[in-house]
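Structure, as structure tokens:
Note that this is a predicted model, so its numbers are computed, not measured.
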Amino acid sequence: MGTLWECPTRLQQQRSTLVDRGESTGMFAESREQPYWYAIQTRSRHEKVVRDQLAAKSITHLLPLWRKRSIWRDRVKLVEVPLFNGYLFGYFALRDKIAVLETVGVARLVGINGTPVPIPDEQIVAVRTMMEHRLPCSPHPYLVEGMRVRIKSGLLAGTEGILIEKKQRHRLVINVDIIHQAMTIDVDSAAVEPLAPRPPGTSKPTLGSSQCVPCHTTL
């Protein structure tokens, strides 16, 4: 099984600077020696099959799972299913992508014009934090509109997302942009702060989050 991911501080700062400028981090895909997190699209219902094979190849991976209530015969049963249907994540250098692409069940590496695009560090960190601490989450439609906010305190402090509902609590949508999927998570209204609108033509990748039965991940 692969080791837990750590990105060198210098490269992480470079990528953060580009994101803050509204620029793409796709340029990092040109470095075939440096490993990054990439989204792996799988064949239908092959997420766990791919996960097990990547583990056998000692390729660091991340398959977020959540517990879904399913009616099974005469009772309700909780089953663990992929949080992002048809996707999981791998941490590897592009020079090693053939080993990933040759894995049974892998359809492609997600990118632009055939070039895999690394996933912003903060998106992977937020997903892993939710999984490792079993925060209540569930899949959510990908959203691009709404008020952008940042969580100010707690385990997800610094995470940015889209505010889609406000009652006594806020519901925050965190997008995983590269695969156009997202999750939602309920946060206390006192724990978020609004972000200033970004100038036209700029954007900053966010993440995916959610609400429901506790979810977790395999590494």
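Between the CD1 atom in Ile40 and the CG atom in Leu54 there is a gap of 5.0 Å [rounded to 0.5 Å]. For the atom pair Ile59 CD1 and Gln53 CD, the distance stands at 10.0 Å (nearest 0.5 Å). The CD1 atom of Ile71 lies 11.5 Å from the CZ atom of Arg69; values are rounded to the nearest 0.5 Å. Atom CZ of Arg95 is separated from atom CD of Glu33 by 4.5 Å, given to the nearest 0.5 angstrom. Glu80 CD to Ser70 OG: the interatomic distance, rounded to the nearest 0.5 Å, is 13.0 Å.
Residues Ile185 and Leu135 have side chains in contact (heavy-atom distance under 4.5 Å, counting atoms from C-beta outward). Leu62 is not listed as a side-chain neighbour of Leu88, based on a closest heavy-atom distance of 4.5 Å or more. In this structure the side chain of Phe84 never reaches within 4.5 angstrom of the side chain of Pro139, judged on heavy atoms. Within the 4.5 Å cutoff, the side chain of Thr159 has no heavy atoms near those of the Arg150 side chain. At a threshold of 4.5 Å between non-hydrogen side-chain atoms, the residues Lys68 and Leu78 do not count as touching. Between Trp37 and Thr60 the shortest side-chain heavy-atom distance falls below 4.5 Å. Using a 4.5 Å heavy-atom cutoff, the side chains of Lys48 and Leu65 are in contact. A 4.5 Å side-chain heavy-atom check between Ile178 and Tyr87 finds every atom pair outside the cut-off.
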* Worked check of salt bridge (charged side-chain N to carboxylate O under 4.0 Å, His left out) between Glu193 and Lys152 -> CA-CA 7 Å; Glu193 60 184 1; Lys152 298 186 297 183; 5.2 Å; no

* Give the C-alpha distance, both sets of side-chain angles, the deciding distance and a yes or no for side chain to side chain contact (heavy atoms under 4.5 Å, CB included) between Val176 and Ile124. => CA-CA 9 Å; Val176 178; Ile124 291 293; over 6 Å; no

* To do: Dump the intermediate steps for ring pair (Phe, Tyr, Trp, His ring centres under 6.0 Å) on Phe92 and Tyr38, then the final yes or no.
  => CA-CA 8 Å; Phe92 53 89; Tyr38 295 95; 5.1 Å; yes

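No side-chain donor-acceptor contact under 3.5 Å links His133 to the backbone of Met131. Within the 3.5 Å criterion, the main-chain N or O of Asn85 finds no donor-acceptor partner in the side chain of Glu47.
In terms of heavy-atom proximity, Cys137 sits nearest to Trp66 at O-CE3, 3.9 Å. The minimum heavy-atom distance linking Val173 with Ala182 is given by the pair CG1-CB, 3.9 Å. The shortest non-hydrogen separation linking Leu156 to Ala126 is CD2-O, 4.1 Å. Contact record, Ala39 with Ile119: N-CD1, 3.6 Å, taken as the closest heavy-atom pair. What you find for Gly161 and Leu172 is that their closest heavy atoms are C-CD1, 3.3 Å.
Taking the six-membered ring for Trp and the full ring otherwise, Tyr91 and Tyr36 have centroids separated by 6.0 Å or more.
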Considering only distance and modelled atom types, tabulate donor-acceptor pairs under 3.5 Å from the side chains of residues 97-112, sequence neighbours left out.
from	atom 1	to	atom 2	distance (Å)
Thr103	OG1	Lys57	NZ	2.8
Thr103	OG1	Ala99	O	3.0
Thr103	OG1	Val100	O	3.0
Arg108	NE	Gln41	OE1	2.5
Arg108	NH2	Gln41	OE1	3.3

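By the rule that hydrophobic residues join a cluster once side-chain heavy atoms approach within less than 4.5 Å of another member, Val49 and Phe89 end up as members of separate clusters.
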